[in-house]
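From a predicted model like this one, the values you see are computed outputs, not experimental measurements.
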Amino acid sequence: MAYEQMLYNILEHHRKNEDISKKVYRYTGLIHAIEFFSQKFNLDHIEKYIFEFTNELLLPDQIAVFIRKNHEYKLMQVNGYDKEQYTIKYNESFDEIIKYNSGLLRQTNLKTYFSKDIFSDFECNFIMPLIMDCELYGFIFVNRNNEEFLEDDEIIANALMNLFSTSLSNYKYFKELENVSKQLNEKLFSLFAINHSSKALLSSLDLGALYRLSISAFAELTQSSFTTFFLYDSISNSYKLMSLKDVYNSSSVMFINLYPTKSIKDTKIRILTDMSNESQRNQFYDLFEDSREILKDVKISYVVSLLKKNRLVGFVTLGPKVNGNKYENSVFELIESLASSTYIAINNAKNFQKTNMQKEIINNKLTRLVKLNELMKNINIAGNMEQLIDLTLSTLSVFFGVTSGFIGLYDNDKDGINITRSINIDGNLTHIPLQDELLPLKLGEKIILNSEADVENTFAPEIVQCFNDTYSGALFVPIFVDENELKLLGVIGILAIKDKILGDEENIITLESIANHIAPIMYQFISLSKIIDQYRPDYQAVFLNDLKQDVIEAEEFYLELKIIHIEVGVNFTFTRINTDKLRKQFEKVYPVDNMNIFVISFDKEPVNDIISILGENISCKQYDYGKDFNSFEEFVSIYS
């Protein structure tokens, strides 16, 4: 008996020591769990180690962890049960678990919240709720098949449940704090960016650069993938797309004008329009004509309106965010503020541009006056009619940008304009008759043809063809003097001016000033020409005298002296030969009468040059000194 008692005492002592060891192990594990879950983990780690510590410290035969995903609880981890995938639909009664149960869910109240089907698939001793703040984040089914859970097991289970809930709630609080911190940082950054963007916008005076800068600022601040900026244009009475930025297509270009269905004063719109809201979307589209079709390629999630005195002066459209996230409400406030700064900057730039334009107009007028003064000086030094016309036409081309035109003299016998000099007009056009449409020129009135069609309807096709498609209209200014009655001397005809409108008032005034200035000079040249014609030199005597001297020089210096006799026609004519072109090539030209011209030359092939100047319809005879004649007297004898 003593032996049996001793053996019992030994076994009892061993059992007590074993129980103490188990308790020490489990409480040590619980301390490790507290230490572990006090750390900061992501949600996946927390879910994983909830299963690990529960399985390790409670030693269940069966365990299943369910985690809430949207509106259902999914089986995430399992051991002992024969289910690998399982879903429990969310039930509103689950919310009562948090309100009315402060601990584990035991057999007595499990049926209140879970159906029989669930219990048949997941038989359990109790369920451990996983609480995140005030929400049921999940639950753990725990079961032992042959051994009941004792008081120590329940203490450990409750401790783990509270520890898990604390860890999950801490995670939620930390994430919320992290999000608030992130939002604050983003708002601070956005405010900082808006401050610098506003400074950059207000300091920019170039409209093109301003539009590019503003759309970049809108896109960067909002992370919008497709951003547009519309402004009201008073000229077209429409909302015009000023700039856009497509993150996924940097070369994207659009030209859009939205015409309001109502007056701009009556156009009412909310500051922020959510295009995912059908009512707000329809209200926005109804503001503009055919806007649904026009804006079909513009990706719009939100519209931020720019209002001034309750009038819609512009708006910014934002597409989906690049990162796929939703827009924060604070972003729209920032965009509205930036849009207001942009509107002010654009108005400043427009006013500056308008001031510069007015300054440029004044400078252009001054420059035009200076050029006109230079032209007058040049005209005053012209020695003959040809120089006068050349100087005038060259000045019109160089200083005033005339790219197509002519100056012609009035031919009273043919009742038309003889074109003497021209720019970009076919040289075959030498005469324009004064038909009915051009008769006002005789009365000193200018004629303006505002289009190509007007030119083609006014002139014959063969004349229009000679204009070489360089005309955009026509402006004809008469050159005349008032000698008891108005006398037309010529016409300045302009068909095109570079970067300017023909009928512009400044162009007309300039051309009329030039015509008025050259008119008396031209009249004097015409009068002088008549006087010269009456007192022409005796070219026969001059020719013979020069020839006598040239023969002496040719003999003395061994020069190749050539005499060319030009016969213009076989019948006598009263029309005098124009030798101006010939005199440019040859110094010694002698029109002895209206049919014969003599030229003294020391060139090798003078006849070829003469034919190229006067044409092939003339007869040329060349007499070489030392070959056809050897003295002055011998040459004279040829014509005796």
Enquirer: Any heavy-atom pair between the side chains of Ile479 and Ile518 that's under 4.5 Å?
Expert: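 In contact.
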Enquirer: Please round to the nearest 0.5 Å and tell me the distance separating atom CD1 of Ile618 and atom CD1 of Ile613.
Expert: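 One finds 9.0 Å between CD1 of Ile618 and CD1 of Ile613.
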Enquirer: Within the supplied structure, the quantity of interest is the number of heavy atoms (other residues, nucleotides, ligands) at a distance under 6.0 Å from Lys442 NZ; does it exceed 12?
Expert: yes
Enquirer: Got a second to check how far Thr430's OG1 is from Asp411's CG, nearest 0.5 Å?
Expert: 10.5 Å
Enquirer: Looking at every non-hydrogen atom in both residues, tell me the closest pair between Leu488 and Pro478 and how far apart they are.
Expert: CD1-CB, 3.8 Å
Enquirer: In this structure, are over 12 heavy atoms from other groups packed under 6.0 Å from Gln540 atom CD?
Expert: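 Counting neighbours around CD of Gln540, 12 or fewer heavy atoms of other residues, nucleotides or ligands fall under 6.0 Å, so no.
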Enquirer: Could you tell me whether the side chains of Asp233 and Ser236 share a donor-acceptor contact shorter than 3.5 Å?
Expert: yes
Enquirer: With side-chain contact (heavy atoms from CB on, under 4.5 Å) as the test, would you mind laying out the steps for Ile423 and Leu396 before giving the verdict?
Expert: CA-CA 10 Å; Ile423 302 172; Leu396 288 174; 5.6 Å; no
Enquirer: Identify the heavy atoms of Phe226 and Asp297 that sit nearest to each other, and give their distance.
Expert: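 Shortest heavy-atom contact: CZ-O, 4.0 Å.
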Enquirer: Looking at Ser238 and Pro260, what are the two nearest heavy atoms and their distance?
Expert: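 So the minimum-distance heavy-atom pair works out to CA-CD, 4.2 Å.
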Enquirer: CD1/Ile610 to SG/Cys620 distance, rounded to the nearest 0.5 angstrom?
Expert: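 Going from the CD1 atom of Ile610 to the SG atom of Cys620 covers 5.0 Å.
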Enquirer: Distance only, no hydrogens: is a donor on one side chain within 3.5 Å (strictly under) of an acceptor on the other, for Asn356 and Gln358?
Expert: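 No, because no side-chain N or O of Asn356 sits under 3.5 Å from a partner of the opposite role on Gln358.
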Enquirer: Compare every heavy atom of Val464 with every heavy atom of Val455, then report the nearest pair and how far apart it is.
Expert: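 Reported closest heavy-atom pair: O-CG2, 4.0 Å.
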Enquirer: side-chain contact (heavy atoms from CB on, under 4.5 Å) for Leu241 and Phe255? Distances and angles first, verdict last.
Expert: CA-CA 7 Å; Leu241 176 62; Phe255 300 94; over 6 Å; no
Enquirer: Does any non-hydrogen side-chain atom of Leu409 lie less than 4.5 Å from one of Ile389?
Expert: yes
Enquirer: Less than 4.5 Å apart, side chain to side chain, heavy atoms only: is that true for Leu429 and Phe467?
Expert: yes
Enquirer: Counting only heavy atoms not in Glu587 (residues, nucleotides, ligands), do more than 12 fall under 6.0 Å from its CD?
Expert: no
Enquirer: Write down the atom of Ser225, the atom of Gly319, and the distance for their closest heavy-atom approach.
Expert: OG-C, 4.2 Å
Enquirer: Taking C-beta and beyond as the side chain, do Asn468 and Asn424 meet within less than 4.5 Å on heavy atoms?
Expert: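 With C-beta onward as the side chain, the pair stays apart.
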Enquirer: Rounded to the nearest 0.5 Å, what's the gap from CD1 on Ile256 to CG on Leu258? Could you check?
Expert: 6.5 Å
Enquirer: Are Phe632 and Phe543, when compared by the centres of their aromatic rings, separated by less than 6.0 Å?
Expert: no
Enquirer: Return yes if a side-chain donor-acceptor contact under 3.5 Å exists between Asn418 and Thr420, otherwise no.
Expert: no
Enquirer: Identify which one of Asn596, Ile600, Leu544 satisfies the side-chain contact (heavy atoms from CB on, under 4.5 Å) criterion when paired with Tyr590.
Expert: Ile600
Enquirer: Quick check: do Thr403 and Ile497 have side-chain heavy atoms less than 4.5 Å from each other?
Expert: no
Enquirer: Looking at Tyr239, Tyr259, Phe315, which hits ring pair (Phe, Tyr, Trp, His ring centres under 6.0 Å) with Phe230?
Expert: Phe315
Enquirer: Please step through side-chain contact (heavy atoms from CB on, under 4.5 Å) for the pair Leu393 and Phe406, ending with a clear verdict.
Expert: CA-CA 7 Å; Leu393 202 57; Phe406 64 87; 5.8 Å; no
Enquirer: Within 45° of the axis and under 6.0 Å from the centre of the six-membered ring of Phe480, does NZ or CZ of Lys487 qualify?
Expert: no
Enquirer: Between Tyr639 and Phe598, is the ring centre distance below 6.0 Å?
Expert: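 Yes - the distance between ring centres of Tyr639 and Phe598 falls below the 6.0 Å cut-off.
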Enquirer: Considering only NZ, NE, NH1 and NH2 on the basic side and carboxylate oxygens on the acidic side, decide whether Arg421 and Asp390 come within less than 4.0 Å.
Expert: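 Yes, Arg421 and Asp390 are salt-bridged.
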Enquirer: Does the pair Lys562/Asp550 count as a salt bridge with the N-to-O cut at 4.0 Å?
Expert: no
Enquirer: Is there a donor-acceptor contact under 3.5 Å from the side chain of Asp603 to the main chain of Glu605?
Expert: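 The answer is no, because no donor-acceptor pair under 3.5 Å joins these two groups.
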Enquirer: Between Glu634 and Asn630, is there a donor-acceptor pair closer than 3.5 Å when you use the side chain of the first and the backbone of the second?
Expert: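 Between the backbone of Asn630 and the side chain of Glu634 there is a qualifying donor-acceptor contact (under 3.5 Å).
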Enquirer: Donor-acceptor pair, Ser451 side chain versus Gly473 backbone, under 3.5 Å?
Expert: no
Enquirer: So, the side chain of Ser252 versus the backbone of Asn249: is there a donor-acceptor pair under 3.5 Å, distance only?
Expert: no
Enquirer: Checking Asp628 side chain against Asp624 main chain: does a donor-acceptor pair fall under 3.5 Å?
Expert: yes
Enquirer: Less than 4.5 Å apart, side chain to side chain, heavy atoms only: is that true for Leu495 and Ser472?
Expert: no
Enquirer: How close do Gly408 and Ile417 get, heavy atom to heavy atom, and via which atoms?
Expert: CA-CG2, 3.5 Å
Enquirer: Between Tyr623 and Ile638, is any pair of side-chain heavy atoms under 4.5 Å apart?
Expert: yes
Enquirer: Check the pair Leu441, Val477 against side-chain contact (heavy atoms from CB on, under 4.5 Å), reporting the backbone distance first and the verdict last.
Expert: CA-CA 7 Å; Leu441 292 171; Val477 177; over 6 Å; no
Enquirer: To the nearest 0.5 Å, tell me how far Met595 CE sits from Ser619 OG.
Expert: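 So the CE of Met595 and the OG of Ser619 are separated by 11.0 Å.
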Enquirer: So, Lys604 and Glu560, do they make that salt bridge, N to O below 4.0 Å?
Expert: no
Enquirer: How many angstroms lie between CD1 in Ile294 and CE in Met254, if you round to the nearest 0.5 Å?
Expert: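 Atom-to-atom, Ile294:CD1 and Met254:CE are 12.0 Å apart.
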Enquirer: Measuring only between side-chain heavy atoms, which start at C-beta, is Lys245 closer than 4.5 Å to Phe229?
Expert: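 Side chain of Lys245 against side chain of Phe229, heavy atoms only: no contact under 4.5 Å found.
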Enquirer: Is it true that, when you exclude Gln435 itself, more than 12 heavy atoms of the residues, nucleotides or ligands shown sit nearer than 6.0 Å to its CD?
Expert: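 Atom CD in Gln435 is packed in, count exceeds 12.
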Enquirer: More than 12 heavy atoms of other residues, nucleotides or ligands under 6.0 Å from CD of Glu555: yes or no?
Expert: no
